[in-house]
Amino acid sequence: MMKKDFFAQTVHGAIDKAIEDKKLGNLEINNFTPICEIPKNTQFGDFAINVSSLARDAKMAPPLIAQNIANYIEYKGFSVNTVAGFINFKLEEDMLCDITRDILDKKESYCASDVGKGEKVNLEYVSANPTGPFHIGHGRWAALGSSLANIMNYCNYNVYQEFYINDAGNQINKLARSLELRVKEQKGEKVEWEEDLYPGEYLIDCAKRYIESGSSESYGDFAKKDMLRLQKELLKTFRVNFDCFFSELSLYKNDEVEKCVKELEDKGKLYKKDGAVWFRSSEYTDTQDRVLKKADGSNTYLTADIAYHKNKLDRGFERLINIWGADHHGYIARIKASIDALGYDSSCLEVLLGQLVNIIQNGEQMRMGKRKKMVTLDELVEEVGVDATRFWMLMRSIDTTIDFDIDLAKSQSDKNPVFYVQYAHARACSILRKAVEKRLDTENKKELEPLFSQDEIDKIDKNIDIKGLFDEEKGKESIEATRALILKLEESIAIVEAAARLRAPYLLCKYSQELATAFHHFYNYSRVLTDDKKVSSQRLALTKCFKIILGKILNLLGVSAPEKM
RNA sequence: GCGUCCGUAGCUCAGUCGGAUAGAGCGUUGGUCUCCGAAGCCAGAGGUCAUGGGUUCGACUCCCAUCGGACGCACCA
């Protein structure tokens with residue numbers, strides 16, 4: 001159990017007893033949920049619970065309430081002090097040692113939790129048109145979705161990652177026409193470009209491949225496949241692994257779209273107006289009704305999307321999570337309306353609306369998604385690397401617009417926070433390596449035997465006792481840095497759980513930086529490899545813990561944890 | 001006009017639940033390697049939390065209004 005929950009439970013139990021003994025004034029029922037937090041000022045303690053809000057019902061002053069509750073707490077492994085309305089807890093050495101042992105015991109699974117309770121989740125993201133390369137915005141959704149899937153799976157959600165291929169609309173005709181013109185150009189014909197096509201140069205390469213392959217496929221089919229292939233390749237490089245690429249076209253081929261329309265019609269949710277078929281979405285939370293079939297008889301994008309969401313629900317998912325750009329927010333109400341209209345419960349659909357990414361180049365802001373001057377994700381990854389791109393995309397809350405300054409990312413790439421974090425990991429690895437390497441005695445210029453054998457390092461496990469690290473002789477700074485590192489390692493449980501629950505990978509980015517800082521402090525004040533073998537092995541144990549936890553966090557983010565840099 | 005998101009240090013952003021002295025990175029000023037990785041560490045400067053009201057013992061946090069910015073409001077996808 002994470003310490004926060006432990007102390008919250010402890011306080012809740014103490015309140016029960018205090019009420020029983022009538023020590024909390026007028027308070028008779030304990031419906032207080034203690035919230036345990038980490039004090040900003042560590043002088044107060046490692047954890048704190050504020051009980052001030054009991055003051056009103058108890059009709060007592062907060063300091064007295066805190067004191068009276070604290071009197072009923074059994075101190076075991078920690079000390080307690082009360083200040084104002086706060087009950088503060090400070091861990092004693094035994095408890096800190098237990099954390100270290102627990103990490104060495106559970107290793108990579110240390111910060112896993114059960115918040116998901118096995119919930120079957122469909123996570124749909126990226127879902128780009130197969131009409132060209134990804135732009136940088138897609139990179140944000142790709143990084144976010146894949147990382148969120150990692151985190152949620154780790155916390156016992158059962159996440160199925162899905163990419164919806166928009167391969168059925170008008171844009172495919174435009175793509176086909178664009179390729180046709182490029183092929184003609186390649187063959188030396190003079191062509192005239194029409195409005196609204198895809199003038200991107202990537203179709204020149206596609207045209208070359210088309211000619212080379214001697215394909216008899218239609219331009220549209222060939223271009224779609226080719227674009228999808230390129231998209232899949234990039235996703236792989238970008239460490240994004242979809243369980244399924246779901247084709248919009250397949251919904252038409254399987255007649256699911258028509259069946260869905262029929263079902264809505266049978267339920268009386270459709271009507272005709274101006275030659276079109278409308279869906280009564282305004283009966284739900286939508287602001288107005290929506291067209292499903294246009295006057296020309298073709299379906300709107302929404303129609304297939306309704307069928308798609310029905311398909312997902314019929315596959316047995318308990319929760320649908322969609323990651324959409326903020327420009328689609330107006331779309332949520334109509335999809336929810338359709339889910340309800342079909343007799344499902346729209347509260348199972350969770351839409352994560354991500355703010356957009358602005359590209360800044362040469363100090364000038366460019367809109368993403370404009371076909372000309374578009375910066376593609378390939379180019380960005382090529383220039384700044386997968387790790388930095390992913391970290392950069394993930395480190396901010398999705399509610400914040402990202403200004404991605406390409407020049408900054410390129411010119412100052414070593415100042416990117418991801419390097420700081422990776423450096424700490426490499427440093428820990430380096431120490432573990434050095435422990436088993438031969439050393440050079442600088443005074444006598446003699447080679448010394450390694451401090452440890454690999455076997456001894458491997459044997460630093462849950463049985464280790466690191467209590468000696470808190471002896472006064474180790475120095476105040478070293479003891480404080482050691483305590484802080486252990487506490488920060490323990491915090492991983494709460495952070496990972498919050499990241500899964502709040503669908504917020506950025507919390508891990510923030511935490512990884514804090515954890516790295518805690519390790520750097522520890523390193524600075526506590527020499528790991530010394531002639532005192534006992535102290536060395538104790539500090540190596542902590543180094544191992546750090547490597548395990550940071551490695552896991554980076555792994556969840558889809559960022560590499562290098563042994564060397 | 002309506003809706004969603006944002007406004008916190010020079011810049012980019014955290015601040016989970018309403019609580020103790022407002023937090024980090026970059027930038028800036030100074031210090032710090034004979035010794036495990038100085039891509040590090042330490043210290044300093046830098047704030048009217050957009051503005052005005054309200055709720056509360058207590059508001060960066062909740063509510064209302066105003067100002068400023070991004071995005072949307074299709075028989076496009």
Side-chain angles (χ1 to χ4, degrees), chain A residues 33 35-37 39-41 43-44 48 50 52-53 55-56 61-62 83-86 88 128-129 131 166 168-172 174 196 248 273-278 287-288 290-302 304-305 325-333 353-356 358 395-403 405 408 412 414-417 419-420 422-424 426-435 437 439 442-443 451 477 494-495 498-499 501-502 504 506-507 509-510 513-514 516-517 519-521 523-530 536 539-540 543 564-565:
Chain A
T33 30
I35 291 161
C36 185
E37 58 192 353
K40 282 168 204 141
N41 187 339
Q43 276 175 11
F44 290 117
N50 188 337
S52 305
S53 57
R56 191 180 308 161
V83 180
F86 289 88
N88 299 309
N129 292 336
T131 53
N166 299 142
N170 252 330
Q171 79 279 11
I172 299 302
K174 284 191 221 165
D196 238 16
E248 179 186 358
K273 193 180 91 181
D274 303 332
V277 177
W278 295 71
T287 49
Q288 62 179 87
R290 305 290 168 180
V291 170
L292 293 191
K293 272 186 188 301
K294 303 179 220 169
D296 68 4
S298 65
N299 291 304
T300 61
Y301 176 81
L302 174 65
D305 215 15
D327 51 341
H328 286 79
H329 88 267
Y331 199 77
I332 299 172
L353 273 189
Q355 296 299 311
L356 304 181
N358 292 319
M395 65 189 281
R396 287 178 198 149
S397 143
I398 65 167
D399 290 336
T400 305
T401 307
I402 293 181
D403 284 326
D405 189 324
L408 199 75
Q412 305 194 356
D414 57 338
K415 279 172 182 155
N416 193 307
F419 287 92
Y420 175 81
Q422 289 181 317
Y423 178 74
R427 182 181 245 180
C429 293
S430 169
I431 294 170
L432 288 162
R433 264 197 314 274
K434 282 261 156 64
E437 279 173 7
R439 300 163 298 155
T442 40
E443 277 177 35
L451 278 169
E477 276 102 351
I495 297 287
R501 193 164 35 84
L502 304 170
Y506 79 93
L507 293 173
C509 291
K510 194 170 146 258
Q513 294 174 74
E514 291 168 5
T517 299
F519 181 71
H520 285 311
H521 279 252
Y523 171 92
N524 258 279
Y525 292 116
S526 316
R527 197 181 163 80
V528 178
L529 302 176
T530 69
S536 298
R539 288 184 174 150
L540 278 169
T543 306
K564 285 180 187 175
M565 288 175 76

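Protein chains get the first letters and strands the later ones, always in sequence-line order, with residue 1 at the start of each.
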- Task: Check the distance between B:rU16's C1' and A:Ile398's CD1 and give it to me in whole angstrom.
- Result: 15 Å
- Per atom distances to the A:Asn41 side chain, the nearest of B:rG40, B:rA14, B:rU21 is B:rU21
- Message: Using a heavy-atom cut-off of 4.0 Å across all strands, would you classify A:Ala276 as base, sugar-phosphate, or nothing?
- Response: base
- Determine, for A:Tyr523 and A:Arg427, whether the Lys NZ or Arg CZ falls below 6.0 Å from the six-membered ring centre while staying within 45 degrees of the axis. yes
- Task: Round to the nearest Å and state the distance from A:Arg396 atom CZ to B:rG15 atom P.
- Result: 13 Å
- Query: What distance do A:Met395 atom CE and A:Ile402 atom CD1 have between them, rounded to the nearest 0.5 Å?
  - Reply: 9.0 Å
- Message: Base, sugar-phosphate or nothing for A:Ala333? Non-hydrogen atoms, less than 4.0 Å.
- Response: nothing
- Query: So, is A:Lys294 near the phosphate of B:rA77, with a side-chain N or O under 4.0 Å from OP1 or OP2?
  - Reply: yes
- Message: For A:His328 and A:Gln288, find the nucleotide of RNA chain B closest to each by heavy atoms; which residue's nucleotide sits nearer the 5' end?
- Response: A:Gln288
- Heavy atoms under 4.0 Å, any strand shown: does A:Ser53 hit a base, just sugar-phosphate, or nothing? base
- Item | Touch class at under 4.0 angstrom, heavy-atom based, for A:Met395 against every strand present | nothing
- Item | Rounded distance in Å between the P positions of B:rA14 and B:rC2 | 28 Å
- Query: In whole Å, what is the span from the CD atom of A:Glu514 to the P atom of B:rG25?
  - Reply: 10 Å
- Message: At 4.0 Å (heavy atoms only), tell me whether A:Cys509 reaches a base, stays on the sugar-phosphate, or touches nothing.
- Response: nothing
- Heavy atoms under 4.0 Å, any strand shown: does A:Asn524 hit a base, just sugar-phosphate, or nothing? base
- Task: Calculate the interatomic distance between A:Asn358 atom CG and B:rC5 atom P; express it in whole Å.
- Result: 18 Å
- So what does A:Asn50 hit on the nucleic acid, given a heavy-atom distance under 4.0 Å: a base, only sugar-phosphate, or nothing? base
- Any strand: nucleotide that pairs with B:rC35 via Watson-Crick or wobble, under 3.5 Å: none
- For A:Tyr525 and A:Ala168, take the nucleotide of RNA chain B holding the closest heavy atom to each; which residue's nucleotide lies nearer the 5' end? A:Tyr525
- Query: B:rC13 and B:rU55: how far apart are their P atoms, nearest whole angstrom?
  - Reply: 35 Å
- Message: Taking pairing as Watson-Crick or G-U wobble with both contacts under 3.5 Å, can you name the mate of B:rA24, or confirm there isn't one?
- Response: B:rU12
- Message: Between A:Ser52 (side chain only) and A:Pro62 (backbone N and O only), is there a donor and an acceptor less than 3.5 Å apart?
- Response: no
- Taking any strand in view, what nucleotide pairs with B:rC57 in a Watson-Crick or G-U wobble way, both distances under 3.5 Å? B:rG19
- Query: Is A:Tyr423 stacked on the base of B:rG37, meaning ring centres closer than 5.5 Å and planes within 30 degrees of each other?
  - Reply: no
- Is A:Tyr506 near enough to B:rG15 that one of its side-chain N or O atoms lies under 4.0 angstrom from OP1 or OP2? yes
- Heavy atoms under 4.0 Å, any strand shown: does A:Asp305 hit a base, just sugar-phosphate, or nothing? nothing
- How far does CG of A:Leu451 sit from OG1 of A:Thr530, to the nearest 0.5 angstrom? 7.5 Å
- Task: For B:rC60 versus B:rG19, give the span between their P atoms, rounded off to a whole number of Å.
- Result: 10 Å
- Query: In whole angstroms, how far is the P atom of B:rC13 from the CG atom of A:Asp399?
  - Reply: 13 Å
- How is A:Lys564 classified with respect to the nucleic acid when contacts are heavy atoms under 4.0 Å: base, sugar-phosphate, or nothing? base
- Whole angstrom value for the distance that separates P of B:rC76 from CG of A:Leu302: 12 Å
- Note on the structure: With syn defined as a glycosidic angle within 90 degrees of 0 and anti as anything else, the base of B:rC62 is anti
- Message: Students often get this wrong, so: under 4.0 angstrom with heavy atoms, is A:Ser52 touching a base, only sugar-phosphate, or nothing?
- Response: base
- Would you mind classifying the nucleic acid contact of A:Ala48 as base, sugar-phosphate or nothing, using non-hydrogen atoms under 4.0 angstrom? base
- Note on the structure: Partner of B:rA43 under the Watson-Crick or G-U wobble criteria, both distances under 3.5 Å, comes out as B:rU29
- Item | Nucleotide nearest A:Tyr523 when distance is taken to its side chain, options B:rC75, B:rA14, B:rG37 | B:rG37
- Note on the structure: Re B:rA65: Watson-Crick or G-U wobble partner, both distances kept under 3.5 Å, found to be B:rU51
- Item | Interatomic distance at P, B:rG58 relative to B:rU48, whole Å | 24 Å
- Message: Measure CZ/A:Phe86 against P/B:rG18 and give the value in whole Å, please.
- Response: 14 Å
- Task: Pick base, sugar-phosphate or nothing for A:Thr131, based on heavy-atom distances below 4.0 Å to the nucleic acid.
- Result: nothing
- Are the side chain of A:Thr401 and the backbone of A:Gln355 linked by a donor-acceptor contact shorter than 3.5 Å? no
- Take A:Val277 and A:Val291, measure what side-chain contact (heavy atoms from CB on, under 4.5 Å) needs, and give me the verdict at the end. CA-CA 6 Å; A:Val277 177; A:Val291 170; over 6 Å; no
- Query: Can you tell me how far the CG atom of A:Asn129 sits from the NZ atom of A:Lys174, to the nearest 0.5 Å?
  - Reply: 9.5 Å
- Query: Run the side-chain hydrogen bond (donor to acceptor under 3.5 Å, both in side chains) check on A:Thr400 and A:Tyr506 step by step: do they pass?
  - Reply: CA-CA 11 Å; A:Thr400 305; A:Tyr506 79 93; over 6 Å; no
- Give A:Thr400 one of three labels, base, sugar-phosphate or nothing, depending on what nucleic acid heavy atoms sit under 4.0 Å from its own. sugar-phosphate
- Take atom CD of A:Glu37 and atom P of B:rA20, then tell me their distance rounded to the nearest Å. 8 Å
- Message: Just to be sure I understand the rule, does A:His520 reach a base, reach only the sugar-phosphate, or reach nothing, if contact means heavy atoms closer than 4.0 Å?
- Response: sugar-phosphate
- Can you tell me the pairing partner of B:rC71 across any strand shown, Watson-Crick or G-U wobble, with both distances under 3.5 angstrom? B:rG3
